[in-house]
2 protein chains.
Amino acid sequence: MRVIVAEDQGMLRGALSALLDLEDDIEVVGQAADGEQALRMIETLDPDLCVMDIEMPKLTGLDVAERIKEAKHGCKVVILTTFSRSGYFQRAMRAGVKGFLLKDSPIDELGAALRSVHGGGRAVSPELAMQLWEAENPLTEREREVLKLAGAGLGAGEIASRLFLSHGTVRNYLSEAIQKLDAKNRIEATLIAERNGWLG
Amino acid sequence: MRVIVAEDQGMLRGALSALLDLEDDIEVVGQAADGEQALRMIETLDPDLCVMDIEMPKLTGLDVAERIKEAKHGCKVVILTTFSRSGYFQRAMRAGVKGFLLKDSPIDELGAALRSVHGGGRAVSPELAMQLWEAENPLTEREREVLKLAGAGLGAGEIASRLFLSHGTVRNYLSEAIQKLDAKNRIEATLIAERNGWLG
DNA sequence: GATTACATATGACAGTTGTCATGCCGGGAA
DNA sequence: TTCCCGGCATGACAACTGTCATATGTAATC
(Lines give C-alpha, C1' and ligand atoms only; values in the text may rest on other atoms or scores of the structure.)
Protein backbone atom coordinates (compact mmCIF):
# COMPACT_ATOMS: atom_id res chain seq x y z
CA MET A 1 0.00 0.00 0.00
CA ARG A 2 1.10 3.54 -0.76
CA VAL A 3 1.20 5.74 2.31
CA ILE A 4 1.81 9.40 3.20
CA VAL A 5 3.01 10.44 6.64
CA ALA A 6 1.87 13.88 7.80
CA GLU A 7 3.38 14.97 11.10
CA ASP A 8 4.99 18.24 12.03
CA GLN A 9 7.56 16.91 14.44
CA GLY A 10 10.53 16.06 12.25
CA MET A 11 11.97 13.34 14.40
CA LEU A 12 8.76 11.36 14.69
CA ARG A 13 7.89 11.88 11.04
CA GLY A 14 11.27 10.61 9.93
CA ALA A 15 11.28 7.69 12.32
CA LEU A 16 7.79 6.51 11.42
CA SER A 17 8.44 6.85 7.71
CA ALA A 18 11.66 4.89 7.94
CA LEU A 19 10.07 2.12 9.98
CA LEU A 20 6.97 1.83 7.82
CA ASP A 21 9.13 1.73 4.72
CA LEU A 22 10.91 -1.30 6.08
CA GLU A 23 7.68 -3.29 5.93
CA ASP A 24 7.32 -5.31 2.76
CA ASP A 25 3.73 -4.33 2.06
CA ILE A 26 4.07 -0.62 2.84
CA GLU A 27 5.64 2.08 0.74
CA VAL A 28 5.96 5.61 2.09
CA VAL A 29 5.49 7.81 -0.97
CA GLY A 30 5.54 11.18 0.77
CA GLN A 31 6.16 13.04 4.01
CA ALA A 32 4.36 16.24 4.93
CA ALA A 33 5.27 18.67 7.72
CA ASP A 34 1.97 20.57 7.76
CA GLY A 35 -1.65 20.22 6.71
CA GLU A 36 -1.46 22.12 3.45
CA GLN A 37 1.45 20.06 2.26
CA ALA A 38 -0.40 16.89 3.21
CA LEU A 39 -3.44 17.93 1.23
CA ARG A 40 -1.39 18.74 -1.85
CA MET A 41 0.44 15.43 -1.64
CA ILE A 42 -2.77 13.50 -1.35
CA GLU A 43 -4.10 15.20 -4.47
CA THR A 44 -0.97 14.75 -6.54
CA LEU A 45 0.31 11.39 -5.32
CA ASP A 46 -3.05 9.69 -4.77
CA PRO A 47 -1.95 7.39 -1.93
CA ASP A 48 -4.08 4.64 -0.40
CA LEU A 49 -3.63 5.90 3.13
CA CYS A 50 -2.49 8.91 5.08
CA VAL A 51 -1.14 8.78 8.64
CA MET A 52 -1.99 12.17 10.05
CA ASP A 53 -1.26 14.17 13.17
CA ILE A 54 -3.97 16.57 14.36
CA GLU A 55 -2.06 19.54 15.67
CA MET A 56 -0.12 20.74 12.66
CA PRO A 57 0.59 24.22 11.26
CA LYS A 58 -1.68 25.81 8.64
CA LEU A 59 -4.32 23.07 8.51
CA THR A 60 -4.99 20.59 11.30
CA GLY A 61 -5.25 16.92 10.50
CA LEU A 62 -8.99 17.14 11.09
CA ASP A 63 -9.30 20.01 8.60
CA VAL A 64 -7.50 17.88 6.04
CA ALA A 65 -9.68 14.85 6.75
CA GLU A 66 -12.81 16.95 6.25
CA ARG A 67 -11.59 18.29 2.92
CA ILE A 68 -10.70 14.83 1.72
CA LYS A 69 -14.19 13.70 2.54
CA GLU A 70 -15.78 16.65 0.74
CA ALA A 71 -13.65 16.03 -2.32
CA LYS A 72 -14.70 12.38 -2.15
CA HIS A 73 -11.09 11.40 -2.44
CA GLY A 74 -10.43 7.70 -1.90
CA CYS A 75 -7.49 8.24 0.46
CA LYS A 76 -8.24 6.78 3.87
CA VAL A 77 -7.08 8.62 6.96
CA VAL A 78 -5.51 7.26 10.11
CA ILE A 79 -5.23 9.93 12.78
CA LEU A 80 -2.24 9.71 15.11
CA THR A 81 -2.46 12.14 17.98
CA THR A 82 -1.12 12.91 21.42
CA PHE A 83 -4.36 13.81 23.09
CA SER A 84 -7.41 11.75 23.80
CA ARG A 85 -9.76 14.73 23.66
CA SER A 86 -13.32 13.75 23.10
CA GLY A 87 -13.95 16.67 20.74
CA TYR A 88 -11.19 15.53 18.42
CA PHE A 89 -12.42 12.00 18.28
CA GLN A 90 -15.99 12.93 17.57
CA ARG A 91 -15.02 15.36 14.87
CA ALA A 92 -12.77 12.74 13.30
CA MET A 93 -15.58 10.19 13.18
CA ARG A 94 -17.85 12.70 11.46
CA ALA A 95 -15.10 13.34 8.92
CA GLY A 96 -15.09 9.67 8.00
CA VAL A 97 -11.73 8.91 9.55
CA LYS A 98 -11.08 5.17 9.64
CA GLY A 99 -8.33 4.90 12.20
CA PHE A 100 -7.59 6.85 15.37
CA LEU A 101 -4.47 6.01 17.37
CA LEU A 102 -2.74 7.67 20.28
CA LYS A 103 0.94 8.49 20.04
CA ASP A 104 1.20 6.71 23.32
CA SER A 105 0.49 3.31 21.81
CA PRO A 106 3.30 0.95 20.80
CA ILE A 107 4.46 1.24 17.17
CA ASP A 108 3.33 -2.22 16.18
CA GLU A 109 -0.20 -0.91 16.44
CA LEU A 110 0.46 1.54 13.65
CA GLY A 111 1.35 -1.09 11.06
CA ALA A 112 -1.56 -3.20 12.23
CA ALA A 113 -3.93 -0.26 12.00
CA LEU A 114 -2.79 0.60 8.49
CA ARG A 115 -3.38 -2.96 7.31
CA SER A 116 -6.76 -3.14 8.95
CA VAL A 117 -7.90 0.16 7.46
CA HIS A 118 -6.50 -0.67 4.05
CA GLY A 119 -8.51 -3.88 4.15
CA GLY A 120 -11.70 -1.87 4.68
CA GLY A 121 -11.79 -2.12 8.45
CA ARG A 122 -11.36 0.35 11.27
CA ALA A 123 -8.76 0.80 13.96
CA VAL A 124 -9.29 2.74 17.15
CA SER A 125 -7.14 2.83 20.28
CA PRO A 126 -9.12 1.04 22.97
CA GLU A 127 -8.81 4.04 25.33
CA LEU A 128 -10.86 6.01 22.86
CA ALA A 129 -13.68 3.70 21.98
CA MET A 130 -15.77 4.80 24.93
CA GLN A 131 -15.44 8.47 24.11
CA LEU A 132 -18.18 8.13 21.52
CA TRP A 133 -20.59 8.49 24.41
CA GLU A 134 -18.87 11.34 26.12
CA ALA A 135 -20.07 14.88 26.41
CA GLU A 136 -20.62 16.91 23.27
CA ASN A 137 -19.22 20.40 23.03
CA PRO A 138 -21.65 22.61 24.97
CA LEU A 139 -20.20 25.89 23.71
CA THR A 140 -21.61 27.95 20.89
CA GLU A 141 -19.39 29.31 18.14
CA ARG A 142 -19.23 32.75 19.71
CA GLU A 143 -18.48 31.44 23.15
CA ARG A 144 -15.59 29.47 21.71
CA GLU A 145 -14.12 32.47 19.90
CA VAL A 146 -14.35 34.61 22.99
CA LEU A 147 -12.89 31.95 25.22
CA LYS A 148 -9.99 31.36 22.89
CA LEU A 149 -9.01 35.02 22.98
CA ALA A 150 -9.48 35.19 26.73
CA GLY A 151 -7.12 32.24 27.04
CA ALA A 152 -4.52 34.18 25.09
CA GLY A 153 -4.52 36.78 27.83
CA LEU A 154 -6.77 39.42 26.28
CA GLY A 155 -9.17 41.42 28.42
CA ALA A 156 -12.84 41.95 27.71
CA GLY A 157 -12.27 45.26 25.96
CA GLU A 158 -9.69 43.90 23.57
CA ILE A 159 -11.75 40.85 22.75
CA ALA A 160 -14.71 43.11 22.08
CA SER A 161 -12.89 45.26 19.56
CA ARG A 162 -11.40 42.28 17.76
CA LEU A 163 -14.78 40.65 17.31
CA PHE A 164 -16.70 43.90 16.85
CA LEU A 165 -18.86 43.26 19.88
CA SER A 166 -19.69 45.41 22.85
CA HIS A 167 -17.61 44.90 25.92
CA GLY A 168 -20.69 43.81 27.85
CA THR A 169 -21.55 41.12 25.33
CA VAL A 170 -18.11 39.65 25.65
CA ARG A 171 -18.53 39.40 29.37
CA ASN A 172 -21.90 37.75 28.93
CA TYR A 173 -20.40 35.08 26.68
CA LEU A 174 -17.56 34.50 29.07
CA SER A 175 -19.97 34.22 31.94
CA GLU A 176 -22.07 31.68 30.06
CA ALA A 177 -19.02 29.65 29.09
CA ILE A 178 -17.77 29.68 32.67
CA GLN A 179 -21.10 28.32 33.88
CA LYS A 180 -21.49 25.74 31.14
CA LEU A 181 -18.05 24.40 31.90
CA ASP A 182 -18.58 24.59 35.63
CA ALA A 183 -15.47 26.69 36.10
CA LYS A 184 -14.61 29.38 38.61
CA ASN A 185 -13.23 31.91 36.15
CA ARG A 186 -12.11 32.33 32.53
CA ILE A 187 -8.77 30.70 33.22
CA GLU A 188 -10.26 27.47 34.46
CA ALA A 189 -12.81 27.62 31.67
CA THR A 190 -10.15 27.70 28.94
CA LEU A 191 -8.30 24.89 30.66
CA ILE A 192 -11.40 22.71 30.67
CA ALA A 193 -12.40 23.54 27.11
CA GLU A 194 -8.90 22.91 25.86
CA ARG A 195 -8.63 19.59 27.67
CA ASN A 196 -11.73 18.39 25.86
CA GLY A 197 -10.71 19.61 22.43
CA TRP A 198 -13.58 22.08 22.36
CA LEU A 199 -11.52 25.02 21.17
CA GLY A 200 -9.62 23.37 18.26
CA MET B 1 27.70 1.92 22.24
CA ARG B 2 25.04 0.92 24.74
CA VAL B 3 22.11 3.28 24.83
CA ILE B 4 18.92 3.82 26.81
CA VAL B 5 15.92 5.63 25.33
CA ALA B 6 13.78 7.55 27.83
CA GLU B 7 10.66 9.07 26.32
CA ASP B 8 7.10 8.94 27.57
CA GLN B 9 5.36 8.89 24.21
CA GLY B 10 5.18 5.22 23.29
CA MET B 11 5.17 5.63 19.55
CA LEU B 12 8.26 7.83 19.42
CA ARG B 13 10.06 5.74 22.01
CA GLY B 14 9.44 2.57 20.07
CA ALA B 15 10.30 4.08 16.72
CA LEU B 16 13.55 5.65 17.88
CA SER B 17 14.62 2.51 19.68
CA ALA B 18 13.94 0.38 16.63
CA LEU B 19 15.79 2.70 14.30
CA LEU B 20 18.80 3.17 16.56
CA ASP B 21 19.01 -0.57 17.06
CA LEU B 22 19.36 -1.01 13.31
CA GLU B 23 22.64 0.87 13.40
CA ASP B 24 25.68 -1.39 13.64
CA ASP B 25 27.45 0.58 16.33
CA ILE B 26 24.42 1.23 18.53
CA GLU B 27 22.65 -1.14 20.87
CA VAL B 28 19.50 -0.07 22.67
CA VAL B 29 19.71 -1.83 26.02
CA GLY B 30 16.64 -0.32 27.62
CA GLN B 31 13.55 1.80 27.13
CA ALA B 32 12.04 3.97 29.87
CA ALA B 33 8.63 5.61 29.87
CA ASP B 34 9.29 8.00 32.75
CA GLY B 35 12.11 9.62 34.65
CA GLU B 36 12.22 7.24 37.60
CA GLN B 37 12.43 4.24 35.34
CA ALA B 38 15.21 5.93 33.36
CA LEU B 39 17.20 6.59 36.51
CA ARG B 40 16.87 2.99 37.69
CA MET B 41 17.90 1.66 34.28
CA ILE B 42 20.96 3.87 34.18
CA GLU B 43 22.02 2.59 37.60
CA THR B 44 21.45 -1.08 36.85
CA LEU B 45 22.37 -1.30 33.18
CA ASP B 46 25.24 1.22 33.17
CA PRO B 47 24.81 2.39 29.58
CA ASP B 48 27.20 4.71 27.74
CA LEU B 49 24.47 7.12 26.72
CA CYS B 50 20.90 8.06 27.47
CA VAL B 51 18.56 9.76 25.02
CA MET B 52 16.15 11.65 27.22
CA ASP B 53 12.96 13.62 26.83
CA ILE B 54 12.41 16.52 29.23
CA GLU B 55 8.71 16.45 29.94
CA MET B 56 8.13 13.01 31.43
CA PRO B 57 6.04 11.79 34.38
CA LYS B 58 7.51 11.52 37.88
CA LEU B 59 10.96 12.95 37.12
CA THR B 60 11.72 15.25 34.21
CA GLY B 61 14.69 14.56 31.99
CA LEU B 62 16.46 17.51 33.58
CA ASP B 63 15.88 16.11 37.07
CA VAL B 64 17.42 12.84 35.95
CA ALA B 65 20.38 14.58 34.35
CA GLU B 66 21.04 16.48 37.57
CA ARG B 67 20.96 13.31 39.65
CA ILE B 68 23.31 11.54 37.27
CA LYS B 69 25.75 14.39 37.62
CA GLU B 70 25.51 14.38 41.41
CA ALA B 71 26.09 10.63 41.49
CA LYS B 72 29.09 11.15 39.20
CA HIS B 73 27.75 8.43 36.98
CA GLY B 74 29.56 8.13 33.65
CA CYS B 75 26.40 7.92 31.55
CA LYS B 76 26.25 10.83 29.13
CA VAL B 77 22.94 12.48 28.44
CA VAL B 78 21.47 13.64 25.15
CA ILE B 79 18.30 15.65 25.69
CA LEU B 80 15.64 15.34 23.01
CA THR B 81 12.82 17.79 23.49
CA THR B 82 9.94 19.52 21.74
CA PHE B 83 10.47 22.98 23.07
CA SER B 84 13.32 25.37 22.59
CA ARG B 85 12.75 27.09 25.90
CA SER B 86 15.76 28.99 27.09
CA GLY B 87 15.23 27.95 30.69
CA TYR B 88 15.46 24.29 29.77
CA PHE B 89 18.61 24.70 27.79
CA GLN B 90 20.41 26.65 30.45
CA ARG B 91 19.44 24.20 33.15
CA ALA B 92 20.60 21.32 30.95
CA MET B 93 24.00 22.90 30.40
CA ARG B 94 24.43 23.35 34.13
CA ALA B 95 23.57 19.68 34.61
CA GLY B 96 26.44 18.70 32.35
CA VAL B 97 24.27 17.52 29.48
CA LYS B 98 26.36 16.85 26.38
CA GLY B 99 23.72 16.88 23.66
CA PHE B 100 20.56 18.89 23.20
CA LEU B 101 18.36 18.21 20.17
CA LEU B 102 14.90 19.34 19.18
CA LYS B 103 12.32 16.75 18.23
CA ASP B 104 11.85 18.86 15.16
CA SER B 105 15.23 17.96 13.73
CA PRO B 106 15.61 15.13 11.18
CA ILE B 107 16.41 11.71 12.67
CA ASP B 108 19.84 11.45 11.10
CA GLU B 109 20.92 14.10 13.56
CA LEU B 110 20.15 11.80 16.44
CA GLY B 111 22.56 9.09 15.37
CA ALA B 112 25.17 11.73 14.56
CA ALA B 113 24.69 13.38 17.93
CA LEU B 114 25.05 10.09 19.78
CA ARG B 115 28.32 9.31 18.01
CA SER B 116 29.67 12.77 18.60
CA VAL B 117 28.83 12.70 22.28
CA HIS B 118 30.14 9.20 22.72
CA GLY B 119 33.41 10.36 21.21
CA GLY B 120 33.69 13.02 23.90
CA GLY B 121 32.16 15.85 21.90
CA ARG B 122 28.99 17.84 22.17
CA ALA B 123 25.93 18.13 19.97
CA VAL B 124 23.48 21.01 20.08
CA SER B 125 20.74 21.89 17.63
CA PRO B 126 21.87 25.07 15.89
CA GLU B 127 18.60 26.85 16.79
CA LEU B 128 19.61 26.51 20.40
CA ALA B 129 23.24 27.54 20.45
CA MET B 130 22.38 31.21 20.71
CA GLN B 131 20.05 30.70 23.66
CA LEU B 132 23.03 30.59 25.96
CA TRP B 133 22.93 34.36 25.89
CA GLU B 134 19.24 34.75 26.28
CA ALA B 135 17.38 36.10 29.25
CA GLU B 136 17.72 34.33 32.58
CA ASN B 137 14.63 33.58 34.59
CA PRO B 138 13.70 36.88 36.25
CA LEU B 139 11.19 35.36 38.67
CA THR B 140 11.86 34.52 42.28
CA GLU B 141 10.87 31.17 43.74
CA ARG B 142 7.72 32.57 45.33
CA GLU B 143 6.63 34.38 42.20
CA ARG B 144 6.95 31.15 40.27
CA GLU B 145 4.86 29.17 42.75
CA VAL B 146 2.15 31.77 42.77
CA LEU B 147 2.13 32.11 39.00
CA LYS B 148 1.89 28.37 38.53
CA LEU B 149 -1.21 28.17 40.70
CA ALA B 150 -2.73 31.21 39.04
CA GLY B 151 -2.22 29.51 35.71
CA ALA B 152 -4.19 26.53 37.00
CA GLY B 153 -7.19 28.80 37.42
CA LEU B 154 -6.97 29.49 41.15
CA GLY B 155 -7.92 32.88 42.55
CA ALA B 156 -5.82 34.94 44.93
CA GLY B 157 -7.63 33.64 47.99
CA GLU B 158 -7.14 29.99 47.09
CA ILE B 159 -3.49 30.49 46.25
CA ALA B 160 -3.02 32.26 49.57
CA SER B 161 -4.42 29.41 51.63
CA ARG B 162 -2.42 26.78 49.75
CA LEU B 163 0.84 28.60 50.31
CA PHE B 164 -0.06 29.91 53.78
CA LEU B 165 0.26 33.50 52.69
CA SER B 166 -2.05 36.44 53.03
CA HIS B 167 -4.27 37.21 50.11
CA GLY B 168 -2.61 40.59 49.69
CA THR B 169 0.85 39.08 49.46
CA VAL B 170 -0.29 36.79 46.70
CA ARG B 171 -1.54 39.73 44.72
CA ASN B 172 1.74 41.54 45.26
CA TYR B 173 3.69 38.62 43.86
CA LEU B 174 1.39 38.33 40.91
CA SER B 175 1.68 42.02 40.25
CA GLU B 176 5.47 41.83 40.33
CA ALA B 177 5.51 38.83 38.03
CA ILE B 178 3.19 40.57 35.60
CA GLN B 179 5.48 43.58 35.44
CA LYS B 180 8.70 41.59 35.20
CA LEU B 181 7.28 39.64 32.29
CA ASP B 182 5.80 42.74 30.71
CA ALA B 183 2.34 41.18 30.61
CA LYS B 184 -1.11 42.70 30.88
CA ASN B 185 -2.52 40.25 33.39
CA ARG B 186 -1.87 36.92 35.10
CA ILE B 187 -2.99 34.96 32.08
CA GLU B 188 -0.47 36.52 29.73
CA ALA B 189 2.14 36.26 32.45
CA THR B 190 1.75 32.47 32.76
CA LEU B 191 1.84 32.14 28.99
CA ILE B 192 5.12 34.03 28.78
CA ALA B 193 6.73 32.25 31.71
CA GLU B 194 5.69 28.88 30.35
CA ARG B 195 6.97 29.64 26.86
CA ASN B 196 10.40 30.34 28.31
CA GLY B 197 10.54 27.30 30.55
CA TRP B 198 10.54 29.44 33.68
CA LEU B 199 7.88 27.49 35.53
CA GLY B 200 9.23 23.95 35.05
C1' DG C 1 -48.09 30.80 15.03
C1' DA C 2 -45.64 29.63 19.21
C1' DT C 3 -41.53 28.04 21.05
C1' DT C 4 -36.82 27.58 21.38
C1' DA C 5 -31.90 28.65 20.60
C1' DC C 6 -28.52 32.02 19.39
C1' DA C 7 -26.45 36.59 18.78
C1' DT C 8 -26.52 40.98 20.48
C1' DA C 9 -27.02 44.85 23.74
C1' DT C 10 -27.56 47.72 28.28
C1' DG C 11 -27.23 48.89 33.21
C1' DA C 12 -26.35 47.66 37.89
C1' DC C 13 -23.95 45.29 41.50
C1' DA C 14 -20.54 42.68 44.11
C1' DG C 15 -16.34 40.58 43.96
C1' DT C 16 -11.62 40.04 42.10
C1' DT C 17 -7.51 41.85 40.32
C1' DG C 18 -3.59 44.97 39.52
C1' DT C 19 -1.01 48.81 41.41
C1' DC C 20 1.17 51.51 44.82
C1' DA C 21 2.94 53.28 49.19
C1' DT C 22 4.58 51.72 53.17
C1' DG C 23 6.19 48.87 56.77
C1' DC C 24 8.73 44.79 59.26
C1' DC C 25 12.19 41.06 59.50
C1' DG C 26 16.25 38.23 58.32
C1' DG C 27 20.39 37.16 55.67
C1' DG C 28 24.20 38.17 52.86
C1' DA C 29 27.46 41.59 50.52
C1' DA C 30 30.06 45.71 50.60
C1' DT D 1 27.76 47.36 60.31
C1' DT D 2 25.12 49.36 57.14
C1' DC D 3 22.61 48.56 53.07
C1' DC D 4 19.98 46.08 50.00
C1' DC D 5 17.22 42.03 48.61
C1' DG D 6 13.82 38.77 49.27
C1' DG D 7 9.88 37.28 51.84
C1' DC D 8 5.88 38.87 54.07
C1' DA D 9 2.14 41.97 55.34
C1' DT D 10 -1.53 45.97 55.25
C1' DG D 11 -4.64 49.39 53.40
C1' DA D 12 -6.48 52.08 49.63
C1' DC D 13 -7.93 52.85 44.95
C1' DA D 14 -9.08 52.12 40.15
C1' DA D 15 -9.91 48.86 36.76
C1' DC D 16 -11.56 44.60 35.38
C1' DT D 17 -14.54 40.48 35.99
C1' DG D 18 -18.57 37.65 36.79
C1' DT D 19 -23.54 37.67 37.42
C1' DC D 20 -28.22 39.00 36.65
C1' DA D 21 -32.38 41.06 34.79
C1' DT D 22 -33.95 42.56 30.76
C1' DA D 23 -34.51 43.57 25.83
C1' DT D 24 -34.47 42.99 20.53
C1' DG D 25 -33.88 40.43 16.21
C1' DT D 26 -33.30 36.24 13.49
C1' DA D 27 -33.34 31.59 12.46
C1' DA D 28 -35.03 26.84 13.13
C1' DT D 29 -38.40 23.73 14.87
C1' DC D 30 -42.70 22.06 16.29
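Here is the naming used below: chain letters follow the sequence lines, and residue numbers restart at 1 for every chain.
Atoms CD (B/E176) and C1' (C/dC20) sit 11 Å apart, rounded to a whole Å. Protein atom CZ of B/R144 is 12 Å distant from nucleotide atom P of D/dG6, rounded to whole Å. Between B/I159 atom CD1 and C/dT16 atom P the separation is 13 Å, expressed in whole Å. When rounded to the nearest whole Å, the span between CD of B/E158 and P of C/dG15 equals 16 Å. Remark: P of C/dT16 and CD of A/E188 are 15 Å apart, rounded to the nearest angstrom. Per the geometry, CG belonging to A/D182 stands 15 Å off C1' belonging to D/dT19, to the nearest Å. Residue B/K180 contributes atom NZ, which lies 16 Å from atom P of C/dG18 at whole-angstrom precision. Atom P of nucleotide D/dA15 and atom CZ of A/R171 are separated by 14 Å, given to the nearest angstrom.
Figure legend: B/R91 and B/Y88 shown without cation-pi pairing, the cationic atom not lying both under 6.0 angstrom from the six-membered ring centre and within 45 degrees of its axis.
Phosphate proximity of C/dG18 to B/R186: present, with a side-chain N or O under 4.0 Å from OP1 or OP2. The phosphate of D/dG7 (OP1 or OP2) has a side-chain N or O of B/T140 nearer than 4.0 angstrom. Taking side-chain N and O atoms only, B/Y173 has no distance below 4.0 Å to OP1 or OP2 of D/dG6. At the phosphate of C/dT10, OP1 or OP2 sits under 4.0 Å from a side-chain N or O atom of A/S166.
Checking C/dT8, D/dT17, C/dG18 against every side-chain atom of A/T169, the shortest atom distance belongs to C/dT8. Closest to the A/R142 side chain, of the nucleotides D/dC20, C/dA7, D/dG7, is C/dA7. Set against C/dT8, D/dA9, D/dG18, the side chain of A/L165 has C/dT8 as its closest nucleotide. For A/Q179, the side-chain atoms get nearest to D/dT19 when compared with the rest of D/dA12, D/dT19, D/dC8.
Residue B/G155 is classed as a sugar-phosphate contact, given heavy-atom separations below 4.0 Å to backbone atoms only. At a threshold of 4.0 angstrom between heavy atoms, the contacts of B/N172 include nucleobase atoms, whether or not backbone atoms are also involved.
A centroid separation of less than 6.0 Å is found between the aromatic rings of B/F100 and B/F89.
Salt-bridge check for B/K58 with B/D63: failed, with every basic side-chain N at 4.0 Å or more from each acidic carboxylate O.
To the nearest 0.5 Å, atom CD of residue A/E7 and atom CD of residue A/Q31 are 10.5 Å apart.
Residues A/N172 and A/S175 have side chains that never bring a donor and an acceptor to within less than 3.5 angstrom of each other.
Between A/A183 and B/E141, the residue whose closest nucleotide on DNA chain D is further toward the 5' end is B/E141.
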